[in-house]
Asks: 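Take a look at this one; I'll ask things after.
Every chain is numbered from 1, with letters handed out A, B, ... down the list of sequences. FYI, side chains are in, hydrogens and waters are out, and symmetry mates aren't considered; it's all heavy atoms of this structure.
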Number of protein chains: 2
Amino acid sequence: MAAFPADRVEQAAWICNARGQTLTPLRRRVFEIVLAADRPIGAYDVLDMLAAERGRVAPPTVYRSLDFLVGQGLVHKVLSVNGFVACSAAARPHDAQLFICGSCGSSVEVARQLRAGLIEEEAEALDFAIESVVLEVHGRCHACRLATAP
Amino acid sequence: MAAFPADRVEQAAWICNARGQTLTPLRRRVFEIVLAADRPIGAYDVLDMLAAERGRVAPPTVYRSLDFLVGQGLVHKVLSVNGFVACSAAARPHDAQLFICGSCGSSVEVARQLRAGLIEEEAEALDFAIESVVLEVHGRCHACRLATAP
DNA sequence: GGCTGAATGTTATGTTATGTCATTCCTCCG
DNA sequence: CGGAGGAATGACATAACATAACATTCAGCC
Ligand SMILES: [Zn+2]
Ligand SMILES: [Zn+2]
Ligand SMILES: [Zn+2]
Ligand SMILES: [Zn+2]
């Protein structure tokens, strides 16, 4: 198998291939659109961009591709804004940890594990089997703080 | 002012009063419905129950009451299931920390702070001003694990 | 060629949430 | 008393987000 590529879209294709999956032209294009947005983007925004390129596009077309990309860990769904954002480290799937600015809409994904074992401890105490953890931090980003502070 | 009451609905009324707000009959009824559900409940489920009692009810009626209750910290919005759940410790507002079972839909709110300072550290490094943190843990609860394990 | 399975197209509908203006009701003040 | 002002609710319409179900296309394989 070829070496891990530098371009993020090629990385995505590589990751899919390594799993016996296919990054089809449609999925690739959707991934490119999400990637280019560089912030969480709505499914219907993706739809509009696709429609501008290829005429009428129905919602399932977009949601199926997004679901595939989310399933492969290439894209994260951002619950607090009903959006999707490209993963910054998709090589191995993980729960996203996002800092989301309420002013400009930008988001930053943090790779370093932000939780100590407290959640796992609590799960143990509850006899709760963790499957996934949603962690989304809201606030104001550096740029927006500069913009209003004197 | 009267002492802090034992009943959760009366507590809610007390909390509102203490802030110069009013738990009107409608808001009180919505709170009772959310409280009785003992798990996240959808806005339109609340709507249906209200409608059964008082005839036609429009969505804004429900959403306004839910928004009020969320604003007062009496109810938490659960993003991962598009639902609302009564807060188990509303006396002072806080970000919810929820363990949500994907099998039975139940949720447990944990009061003890589940995060060490790692999120705050990271925010500091990013110069990000935190306003709120969404933490929702998904998995299988104790009861559901018992139900399928031999 | 004909079967099969994956992907996409197509139509319709379900689910969640908000914008806007009208109405009610209470309180304050002259 | 009577009207101004504000909070809450009612009522209507629509926006925004997401999925169900079935048809079609196409490549790989025997
Ligand atoms: Zn990621
Ligand atoms: Zn910002
Ligand atoms: Zn709470
Ligand atoms: Zn359960």
Asks: In the 5'-to-3' direction, what one-character label does each nucleotide of nucleotides 10-25 of chain D receive under the scheme B = base within less than 4.0 Å of a protein heavy atom, S = sugar-phosphate only, - = no such atom?
Replies: BBB----BBBBB----

Asks: Can you tell me if B/R92 has over 12 outside heavy atoms packed within less than 6.0 Å of its CZ?
Replies: no

Asks: Quick check against the 3.5 Å criterion: does A/Q97 have a side-chain atom that pairs as donor or acceptor with the backbone of A/L135?
Replies: no

Asks: Does any pair with a residue in residues 99-146 of chain A pass ring-ring contact (aromatic ring centres under 6.0 Å, His included), and if so which ones, sequence neighbours excluded?
Replies: A/F99-B/F128, A/F128-B/F99

Asks: Can a donor-acceptor pair be found between the side chains of A/R39 and A/S107 at a distance below 3.5 Å?
Replies: no

Asks: Can you run down the ring-ring contact (aromatic ring centres under 6.0 Å, His included) pairs that involve residues 47-95 of chain B, sequence neighbours left out, and say none if there aren't any?
Replies: B/H76-B/H94

Asks: Do the charged groups of A/E122 and B/R112 touch, with an N to O distance under 4.0 Å?
Replies: yes

Asks: Is the phosphate of D/dA7 approached by B/T24 (side-chain N or O, under 4.0 Å from OP1 or OP2)?
Replies: no

Asks: Just checking, any donor-acceptor pair under 3.5 angstrom between side chains of B/R27 and B/S65?
Replies: no

Asks: Walk along DNA chain C from 5' to 3' and tell me the first and last nucleotide with an atom closer than 4.0 Å to a non-hydrogen atom of chain A.
Replies: C/dA7 to C/dT11

Asks: In degrees rounded to 10°, what angle is found between the helical axes fit to the five outermost pairs at each end of the helix from C/dG1-D/dC30 to C/dG30-D/dC1?
Replies: 10°

Asks: Among residues 94-105 of chain A, which residues get a heavy atom nearer than 4.0 Å to DNA chain C?
Replies: none

Asks: Walk me through it: do A/E32 and A/R8 pass the test salt bridge (Lys or Arg N to Asp or Glu O under 4.0 Å)?
Replies: CA-CA 9 Å; A/E32 287 170 353; A/R8 291 182 72 180; over 6 Å; no

